[in-house]
Amino acid sequence: MKVDEIGLPGVLAITPRRFGDDRGFFSETYNRKAFAEAGVDVEFIQDNHSMSAEVGTVRGLHFQAPPFAQAKLVRVVRGRIYDVAVDSRVGSPSFGKHAGLELTASGGEQLFVPAGFLHGFITLEPNTEVVYKVDNHYSRDHDGAVRFDDPDLEIDWGPHAANTVLSDKDATAQSWRAFSSPFDYSRAVR
């Protein structure tokens with residue numbers, strides 16, 4: 001697999017190899033040993049799957065506070081998204097900075113988002129399906145969101161951001177300035 005850091009320490013673009021023939025292709029999308037050798041040494045415990053019917057659907061920017069913080073491994077199985085991670089670890093040299101990557105079903109790219117980062121995406125095709133692994137269980141009491149289009153974050157979501165489809169949670173998410181991050185960089189770096 002190909003592994004590249006995409007602008008923020010620990011945020012990785014991971015593209016597994018595909019082996020194709022006249023039937024289609026085969027790809028090993030996750031192998032714990034290979035991922036650990038690439039620096040992704042987390043134990044994923046849950047798989048999630050979302051489908052977004054409309055182009056311009058935004059899911060994010062989401063987080064779960066400790067002790068339920070989550071690392072994620074995200075990939076698209078149908079359609080395309082622009083996927084974003086924002087460093088929200090207080091004291092980090094890249095605090096408030098973001099990195100983004102287009103993920104496609106046809107390309108098989110994956111994005112690894114470490115715990116302590118906000119995460120979100122916008123769909124670029126109708127009926128886009130996203131699957132992602134997480135390393136901690138969901139906790140409603142530790143769940144939160146920051147406004148995806150907060151001007152202080154300066155994220156360019158592309159032309160579809162003008163007509164977004166949002167959940168109530170995302171439409172009423174707090175601003176970046178109002179966000180009191182529960183993530184501490186000094187605890188994350190060992």
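Here the structure is a predicted model, which means the values were calculated and not measured.
Below 30°, between 30° and 60°, or above 60°: for F148 and W157 the angle between ring planes is above 60°, a perpendicular geometry. Between H142 and F68, the ring planes are tilted. Angles from 30° to 60° get that label. The aromatic rings of F35 and Y30 sit tilted, their planes meeting at an angle between 30° and 60°.
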Give the C-alpha distance, both sets of side-chain angles, the deciding distance and a yes or no for side chain to side chain contact (heavy atoms under 4.5 Å, CB included) between E102 and L124.
CA-CA 9 Å; E102 185 173 302; L124 305 176; 3.6 Å; yes
For salt bridge (charged side-chain N to carboxylate O under 4.0 Å, His left out), just list the numbers for K169 and D143, CA-CA rounded to whole Å, side-chain angles, deciding distance to a tenth of an Å, and then say yes or no.
CA-CA 10 Å; K169 169 186 167 179; D143 184 51; 2.6 Å; yes
Take S27 and T29 through the test side chain to side chain donor-acceptor pair (under 3.5 Å) and record every step on the way to the result.
CA-CA 6 Å; S27 182; T29 60; over 6 Å; no
Show your reasoning for whether side chain to side chain contact (heavy atoms under 4.5 Å, CB included) applies to V74 and H119.
CA-CA 10 Å; V74 184; H119 173 254; 3.7 Å; yes
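Scanning all heavy atoms of the two residues, the minimum distance from S50 to F121 falls at OG-CZ, 3.9 Å. Taking all atoms of both residues into account, the shortest heavy-atom contact from D41 to A36 is OD1-CB, 3.7 Å. Shown here for A38 and L12, the closest heavy-atom pair between the two residues is O-CD1, 4.1 Å.
Using a cutoff of 4.0 Å between basic side-chain nitrogens and carboxylate oxygens, K97 and D87 are not scored as salt-bridged. Between K2 and D4 there is a salt bridge, since a side-chain N of the basic residue sits under 4.0 Å from a carboxylate O of the acidic one. Look at R89 and D184 and you find no salt bridge, because none of the NZ, NE, NH1 or NH2 atoms lies under 4.0 Å from a carboxylate O. Salt-bridge annotation for K72 and D135: absent, with no side-chain N of the basic residue lying under 4.0 Å from a carboxylate O of the acidic one. A salt bridge does not link R75 with E109: none of the charged nitrogens is closer than 4.0 Å to a carboxylate oxygen.
Between F117 and F63, the ring center distance fails the sub-6.0 Å criterion.
Checking N48 against Q46 by side-chain atom types alone, a donor-acceptor pair falls below 3.5 Å. With 3.5 Å as the limit, one finds a donor-acceptor pair spanning the side chains of R59 and S52.
Of the candidates I6, V76, I81, L73, L111 forms a side-chain contact (heavy atoms from CB on, under 4.5 Å) with just one, namely I6. Of the residues R80, H160, R78, the one that meets the side-chain hydrogen bond (donor to acceptor under 3.5 Å, both in side chains) test with E125 is R80.
Of the possible donor and acceptor atoms, one in the side chain of S181 sits under 3.5 Å from a partner among the backbone N and O of S88. Panel note: side chain Q64, backbone S139; a donor-acceptor pair is recorded below 3.5 Å. Judged by distance alone, with hydrogens and angles left aside, the side-chain atoms of Q110 form no donor-acceptor pair with the main-chain N or O of T15 at under 3.5 Å. Looking at E54, its side chain never comes within 3.5 Å of a backbone N or O of T164 through a donor-acceptor pair. Under the 3.5 Å distance criterion, the side-chain polar atoms of T123 are matched with a main-chain donor or acceptor of T57. Between the side chain of E5 and the main chain of G10, a donor-acceptor pair closer than 3.5 Å is present.
For CG of D21, the number of neighbouring non-hydrogen atoms (other residues, nucleotides, ligands) closer than 6.0 Å is greater than 12. Crowding of R17 atom CZ: a count of heavy atoms from other residues, nucleotides or ligands under 6.0 Å not exceeding 12.
Between M51 and N127 the shortest side-chain heavy-atom distance falls below 4.5 Å. In this structure, the side chains of V86 and I155 come closer than 4.5 Å at one or more pairs of heavy atoms. Between L118 and F179, the closest side-chain pair of non-hydrogen atoms falls below 4.5 Å.
Linking Ile, Leu, Val, Met, Phe, Trp and Tyr whenever their side-chain heavy atoms come within less than 4.5 Å puts L153 and Y82 in one cluster. Transitive grouping of hydrophobic side chains (ILVMFWY, heavy atoms separated by less than 4.5 Å) keeps Y185 and V90 in distinct clusters. Tracing side-chain contacts under 4.5 Å through hydrophobic residues (I, L, V, M, F, W, Y), one never reaches V40 starting from L103; they form parts of separate clusters.
Remark: F95 engages W176 in a ring-ring contact (aromatic ring centres under 6.0 Å, His included) (not counting sequence neighbours).
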